[in-house]
Amino acid sequence: MNLEKVIFGFFIVLAATLNFGFVYGDPADPDHHHLWEFFAAFVVNVIATALKFGDRTQIGAIHLATSLVAVLQLAAAALVWFFAPPGPLDVGTTVSIVSLSAGAALANLVSVVILIAETITLRR
């Protein structure tokens, strides 16, 4: 078993599941979307992106592109959250954060699908 591939796959799937966990729930209810879960999703997505650098294959390029999209969307959501008025989040801000995070979750899903397809096509 290749430890590098295990770590790579671990972070790809962890990024997707953390992002899904943050997005899951009523988009308008701030109580369904916790700041620390968002922070964990952002950090793990950045780590997953860093792990994708250096792969010079076409699939590696698509992996990197999906990660960059996810990090960009999560960074935009973080900026919306950072510049939100002080106090509890209002419905509009919460919906904006969740919808940007949902875009990142979709990018993570594409990355997981590519990872599975790449694994299936490998021959020993």
K.L.:
Nearest heavy-atom pair of Gly60 and Asp55: which atoms, and what distance?
P.N.:
CA-OD2, 3.3 Å
K.L.:
Using the side chain to side chain contact (heavy atoms under 4.5 Å, CB included) rule, take Leu64 and Phe53 through it: C-alpha gap first, then chi angles, then the decisive distance, then the call.
P.N.:
CA-CA 7 Å; Leu64 181 59; Phe53 279 104; 4.0 Å; yes
K.L.:
Would you give the length of the straight line joining atom CG of Leu51 to atom CZ of Phe11, rounded to the nearest 0.5 angstrom?
P.N.:
6.5 Å
K.L.:
How close do Thr49 and Val71 get, counting heavy atoms only, and between which atoms?
P.N.:
OG1-CG2, 3.3 Å
K.L.:
Using atom types as modelled and distance alone, determine if a side-chain donor or acceptor of His33 lies under 3.5 Å from a backbone N or O of Asp26.
P.N.:
yes
K.L.:
At their closest point, which heavy atom of Ala70 faces which heavy atom of Asn108, and how far apart are they?
P.N.:
CB-ND2, 3.7 Å
K.L.:
Taking all non-hydrogen atoms of both residues into account, name the closest pair between Asn19 and Ser101 and its distance.
P.N.:
OD1-O, 3.2 Å
K.L.:
In the single-linkage hydrophobic clustering (I, L, V, M, F, W, Y; side-chain heavy atoms under 4.5 Å), do Phe22 and Val44 co-cluster?
P.N.:
no
K.L.:
Can you tell me how far CD1 of Ile116 sits from OG of Ser111, rounded to the nearest 0.5 angstrom?
P.N.:
10.0 Å
K.L.:
Do Lys52 and Ile12 pass the side chain to side chain contact (heavy atoms under 4.5 Å, CB included) test, and can you show the C-alpha distance, the side-chain angles, and the key distance before you say yes or no?
P.N.:
CA-CA 10 Å; Lys52 293 174 184 177; Ile12 298 297; 2.8 Å; yes
K.L.:
Using the six-membered ring wherever Trp is involved, compare the ring planes of His63 and Phe8 and label them parallel, tilted or perpendicular (cut-offs 30° and 60°).
P.N.:
perpendicular
K.L.:
Side-chain heavy atoms nearer than 4.5 Å, only ILVMFWY residues, links allowed to pass through others: does that put Phe42 and Leu89 together?
P.N.:
yes
K.L.:
Should Leu74 and Leu100 be marked as a side chain to side chain contact (heavy atoms under 4.5 Å, CB included) after you check the CA-CA gap, both sets of side-chain angles, and the distance that decides it?
P.N.:
CA-CA 7 Å; Leu74 289 173; Leu100 285 165; over 6 Å; no
K.L.:
For residues Gly9 and Leu115, report the shortest heavy-atom separation together with the two atoms involved.
P.N.:
CA-CD2, 3.8 Å
K.L.:
For a quick test of reading the model, state the closest non-hydrogen atom pair linking Thr94 to Pro30 and the distance between them.
P.N.:
OG1-CG, 3.4 Å
K.L.:
So Trp36 and Phe39, would you call those rings parallel, tilted or perpendicular, with 30° and 60° as cut-offs?
P.N.:
perpendicular
K.L.:
Indicate, with yes or no, if Ile114 and Leu14 share a hydrophobic cluster defined by side-chain heavy-atom contacts under 4.5 Å among Ile, Leu, Val, Met, Phe, Trp and Tyr.
P.N.:
no
K.L.:
Indicate if Ile59 and Val112 have the same hydrophobic cluster label, given that clusters are the connected sets of ILVMFWY residues with side-chain heavy-atom separations under 4.5 angstrom.
P.N.:
no
K.L.:
With a 4.5 Å cut-off on side-chain heavy-atom distances among I, L, V, M, F, W and Y, is there a chain of contacts connecting Val43 to Ile7?
P.N.:
yes
